[in-house]
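Worksheet: one structure, shown below.
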Amino acid sequence: MTLRRRGEKATISIQEHMAIDVCPGPIRPIKQISDYFPRFPRGLPAAAPRAAAPPAAPAAGRRSPADGARDDEEDVDQLFGAYGAGPGPGPARPPAKPPEEEPDADGYDSDDCTALGTLDFSLLYDQENNALHCTIGKAKGLKPMDHNGLADPYVKLHLLPGASKANKLRTKTLRNTLNPTWNETLTYYGITDEDMIRKTLRISVCDEDKFRHNEFIGETRVPLKKLKPNHTKAFSICLEKQLPVDKTEDKSLEERGRILISLKYSSQKQGLLVGIVRCAHLAAMDANGYSDPYVKTYLKPDVDKKSKHKTAVKKKTLNPEFNEEFCYEIKHGDLAKKTLEVTVWDYDIGKSNDFIGGVVLGINAKGERLKHWFDCLKNKDKRIERWHTLTNELPGAVLSD
């Protein structure tokens, strides 16, 4: 070491300039900026603390450059890296937890089940009266559909398969709200036990628009087999996006409404009494949204063309009540060879009448139609009423009035 006189400027050798400490011992290198921002190979966890594994003891008399870096300026290491505490007496600092994601209130296209809103409703199957009561309660948090951030919601119902305008029911529309309360009961009449096994109720919430097509908000579907007869079941569900409709469904059997028919073989009159009681949810055939329905019956094969009977016309209604009865004089033993054809028509003035729908009962029928016919043959002098579904096509029938 060079001695200097008082007042003389200190001179620094090149060795002293290149080293931080020239005290006896190994020369420590100057810290690089990269020491404060360490790099790690790919595949290592980002939050693995440096102090996880204790470093190997250095050989006597030798110290690695990394050891010197860890011994110096630990405060700076903690400030920049926050990657773990140095080898001090205290425990290693745990890695900082990433901030939790907040729910996106406007994320209507997300998979969050509340994105479209929730709907409260209840269902009751009245087995004795063949009625399905759907009480629409309220909805919450519906998706805004209008420019004012609100919606004009209503609820509509369909029965699947066979959805059509004939089996559509809907509530009233409530204006400018995302939390509507309807408390409205919609009823399907003519629901049979067979329907309860194979049908699904589709409940859709839509936004009414006066100047454009109504917009779909969300829907849910309830298989009717989940319901117990004469027991009310409440639901509180999250609306879903529109589900695909089964395109393999036979469109030739589109539902056109329901009809309540009574059958009785009278031993006294020696004939079959056919009662046309009422219809429900008929398809609208006129521009006013209604029909002018009447019913025709045939007992086939009809060689003499004399088996035709026709009810009176009921004006401007989709749920007519007829309460008319016709008698076919026939031996009881011959009924097994016969088929009863029932068709519903819309009466028009000045043009041909429109076919609404029909049903065929007989030994070649299936399901409820066959069971109704069999029960009539088995139980003489007993009046048996059953609801039947009207379809837009009858196999082998000549649909002309």
Side-chain angles (χ1 to χ4, degrees), residues 126 129-134 156-171 185-192 194-195 198-199 201-202 224 249-263 274-298 308-326 340-361 365 367-369 372 385-395 397-401:
D126 184 353
N129 297 311
N130 296 102
L132 177 64
H133 302 287
C134 312
K156 65 178 180 179
L157 310 179
H158 282 104
L159 284 175
L160 305 174
S164 64
K165 291 183 179 179
N167 65 28
K168 181 185 80 171
L169 300 177
R170 62 163 287 175
T171 66
T185 299
L186 307 175
T187 301
Y188 279 107
Y189 295 99
I191 301 297
T192 64
E194 183 181 0
D195 291 327
R198 68 183 186 91
K199 291 285 188 180
L201 179 65
R202 178 188 181 189
L224 298 184
E249 182 182 329
D250 188 2
K251 294 184 179 179
S252 66
L253 298 179
E254 176 187 333
E255 292 188 5
R256 295 295 188 89
R258 307 285 173 121
I259 186 169
L260 181 58
I261 301 173
S262 68
L263 297 178
V274 178
I276 304 300
V277 183
R278 59 179 294 198
C279 293
H281 316 300
L282 292 180
M285 308 301 291
D286 298 336
N288 60 7
Y290 294 95
S291 294
D292 302 319
Y294 66 94
V295 179
K296 293 191 303 180
T297 64
Y298 292 91
K308 175 182 174 181
H309 289 285
K310 184 165 64 174
T311 68
V313 176
K314 301 296 180 180
K315 294 289 186 179
K316 198 178 179 181
T317 178
L318 300 180
N319 299 282
E321 293 190 13
F322 298 100
N323 294 314
E324 297 188 36
E325 190 172 70
F326 310 117
L340 180 66
E341 183 180 290
V342 181
T343 55
V344 183
W345 299 77
D346 170 53
Y347 177 76
D348 288 319
I349 300 176
K351 60 178 183 178
S352 60
N353 298 330
D354 299 319
F355 174 71
I356 297 178
V359 63
V360 174
L361 309 179
E368 289 288 333
R369 294 167 291 148
H372 193 183
E385 279 189 1
R386 295 281 168 80
W387 281 95
H388 297 283
T389 301
L390 299 169
T391 58
N392 65 327
E393 198 171 287
L394 295 180
V398 180
L399 301 180
S400 61
D401 189 23

Can you tell me how far [atom2] of [Y] sits from [atom1] of [X], rounded to the nearest 0.5 angstrom?
| X | Y | atom1 | atom2 | answer |
| --- | --- | --- | --- | --- |
| Leu318 | Met285 | CG | CE | 11.0 Å |
| Thr192 | Lys199 | OG1 | NZ | 9.0 Å |
| Asn130 | Arg386 | CG | CZ | 9.0 Å |
| Leu186 | His133 | CG | NE2 | 11.5 Å |
| His158 | Leu201 | NE2 | CG | 10.5 Å |
| His309 | Thr297 | NE2 | OG1 | 5.5 Å |

Any heavy-atom pair between the side chains of [Y] and [X] that's under 4.5 Å?
| X | Y | value |
| --- | --- | --- |
| Phe326 | Thr311 | yes |
| Thr389 | Arg258 | yes |
| Cys134 | Leu157 | yes |
| Asp348 | Asp286 | yes |
| Lys316 | Asn288 | yes |
| Asn323 | Val277 | yes |
| Ile261 | Val359 | yes |
| Leu263 | Leu340 | yes |

Next item on the list: Determine the interplanar angle of the Phe355 and Trp345 rings, folded into 0 to 90°, and report it as parallel if under 30°, tilted if 30 to 60°, perpendicular if over 60°.
Entry: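 Because their plane-to-plane angle is over 60°, the rings of Phe355 and Trp345 count as perpendicular.
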Check: Can you name the one residue among Asp346, Thr343, Asn353 that meets side-chain hydrogen bond (donor to acceptor under 3.5 Å, both in side chains) with Tyr294?
Finding: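 Passing option: Asn353.
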For the student: nearest non-hydrogen atoms of [X] and [Y], plus distance:
| X | Y | value |
| --- | --- | --- |
| Glu324 | Lys310 | OE1-O, 4.2 Å |
| Cys279 | Val344 | SG-CG2, 4.3 Å |
| Ala312 | Phe322 | O-CE2, 3.4 Å |
| Pro293 | Pro320 | CG-CG, 3.6 Å |
| Tyr189 | Ala131 | CD2-CB, 4.2 Å |
| Pro161 | Arg198 | CD-O, 3.8 Å |

Notebook entry, point to check: His388 and Val342: side chain to side chain contact (heavy atoms under 4.5 Å, CB included), yes or no, with the steps?
Noted result: CA-CA 10 Å; His388 297 283; Val342 181; over 6 Å; no
Note to self: The test is side chain to side chain contact (heavy atoms under 4.5 Å, CB included); show your working for His372 and Trp387 and say whether it passes.
What the structure shows: CA-CA 9 Å; His372 193 183; Trp387 281 95; over 6 Å; no
Notebook entry, point to check: side chain to side chain contact (heavy atoms under 4.5 Å, CB included) with Tyr188: which of Asp195, Leu159, Leu224?
Noted result: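 Running side chain to side chain contact (heavy atoms under 4.5 Å, CB included) over Asp195, Leu159, Leu224 with Tyr188 returns exactly one hit, Leu159.
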Margin query: Using the rule given for side chain to side chain contact (heavy atoms under 4.5 Å, CB included), can you reason through Asp292 versus Lys314, listing the C-alpha separation, both sets of side-chain angles and the distance that settles it, and then say yes or no?
Written below: CA-CA 5 Å; Asp292 302 319; Lys314 301 296 180 180; over 6 Å; no
